[in-house]
Novice: 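Sharing a structure here in structure tokens format.
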Amino acid sequence: MGRSPCCEKAHTNKGAWTKEEDDRLIAYIKANGEGCWRSLPKAAGLLRCGKSCRLRWINYLRPDLKRGNFSQEEDDLIIKLHSLLGNKWSLIAGRLPGRTDNEIKNYWNTHIRRKLLQRGIDPSTHRPMRTRAEEKCPDLNLELRMSPPRHLDARSPPQEKCLDCRLGSHGDGGGKDCR
DNA sequence: AAAGGGCTCAACCGCAAGGAC
DNA sequence: GGTCCTTGCGGTTGAGCCCTT
């Protein structure tokens, strides 16, 4: 049988949102707040599925969105966060007030990724890319451990700092550990 | 001015997580 | 504990814009 569709597709609009749809969604959320996305379209008189409404609100209509170009600081922070978190766009977005995961994901794929490649840095590993010679003769001395060697080496204590510590972004100014 | 190729970004899709029953 | 339902996330797509020829 498979999954039931998230909405009655035959009766929903798809594609770009109209001004009227935006207005309806904004008016409804202002009056009732963000709530049950599944029932929202019907209640708001929209021929959209709940997912689509949620996405439109979060990525485009929310009043606290910043929009516009990314600053150099935001740029650097995204790179830093991506090196720590990987493609966890929602977590990265959580650290950038007024930015959405979709926006950051797009910005990464269109701008930052290319910038890193131009600098010879692999965007997925954040390490210098291998040369052609290295590509041809891969290092066979592979590291086969599946997880980082935690607590095995008493000389190098495990990394248990919180993300703010690792980023050096604690608001208290001194780069203090919060452990 | 027109064509076409590249780029951007809003929106969609499928899946997984988590809560309710 | 199992199933269903809803939400949230990440990857991908495609329409429209921009730039180059």
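Chain naming here is simple, since letters A, B, ... match the order of the sequence lines and numbering starts at 1 in each. Not measured: the values here are computed from a predicted model.
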Novice: May I ask you to say whether A:Lys88 pairs ionically with A:Asp101, meaning some side-chain N is under 4.0 Å from a carboxylate O?
Specialist: no
Novice: Determine, step by step, whether A:Lys66 and A:Glu74 satisfy the salt bridge (Lys or Arg N to Asp or Glu O under 4.0 Å) criterion, reporting the C-alpha distance in whole Å, the side-chain angles of both residues, the deciding distance to 0.1 Å, and the verdict.
Specialist: CA-CA 12 Å; A:Lys66 211 184 254 181; A:Glu74 287 177 311; 3.0 Å; yes
Novice: Quick one: does A:Lys88 reach the base of C:dG10 with a side-chain donor-acceptor pair under 3.5 Å?
Specialist: no
Novice: OP1, OP2 of C:dG8 versus side-chain N and O of A:Ser90: anything below 4.0 Å?
Specialist: no
Novice: In whole angstrom, give the distance that lies between atom CH2 of A:Trp37 and atom P of B:dG18.
Specialist: 21 Å
Novice: Determine the interplanar angle of the A:Trp108 and A:His82 rings, folded into 0 to 90°, and report it as parallel if under 30°, tilted if 30 to 60°, perpendicular if over 60°.
Specialist: parallel
Novice: Please check the phosphate of C:dT7 (OP1 and OP2 only) for any side-chain N or O of A:Arg38 closer than 4.0 Å.
Specialist: no
Novice: Could you state the CZ-P distance from A:Arg113 to C:dG11, rounded to the nearest angstrom?
Specialist: 11 Å
Novice: Look for any protein N or O under 3.5 Å of an N or O in nucleotides 6-10 of chain B and output each such pair with its distance, or none.
Specialist:
unit_1	atom_1	unit_2	atom_2	d
B:dT8	OP2	A:Arg114	NH2	2.9
B:dA10	OP1	A:Arg67	NH2	2.9
B:dA10	O3'	A:Arg56	NH1	3.4
B:dA10	N7	A:Asn106	ND2	3.1
B:dA10	N6	A:Asn106	OD1	3.3

Novice: Between A:Arg54 and C:dC9, is there a side-chain N or O to OP1/OP2 distance below 4.0 Å?
Specialist: yes
Novice: Starting at atom CG of A:Asp101, determine the distance to atom P of C:dT7, rounded to an integer number of angstrom.
Specialist: 17 Å
Novice: Hydrophobic side-chain clustering at under 4.5 Å (ILVMFWY, transitive links): who's grouped with A:Ile29? Put none if nobody.
Specialist: A:Trp17, A:Leu25, A:Ile26, A:Tyr28, A:Trp37, A:Leu40, A:Leu46, A:Trp57, A:Ile58, A:Tyr60, A:Leu61
Novice: Quick one: is C:dG11 close enough that its OP1 or OP2 comes under 4.0 Å of any side-chain N or O from A:Trp89?
Specialist: yes
Novice: Regarding A:Asp76 and A:Lys80, does a basic nitrogen lie under 4.0 Å from an acidic carboxylate oxygen?
Specialist: no
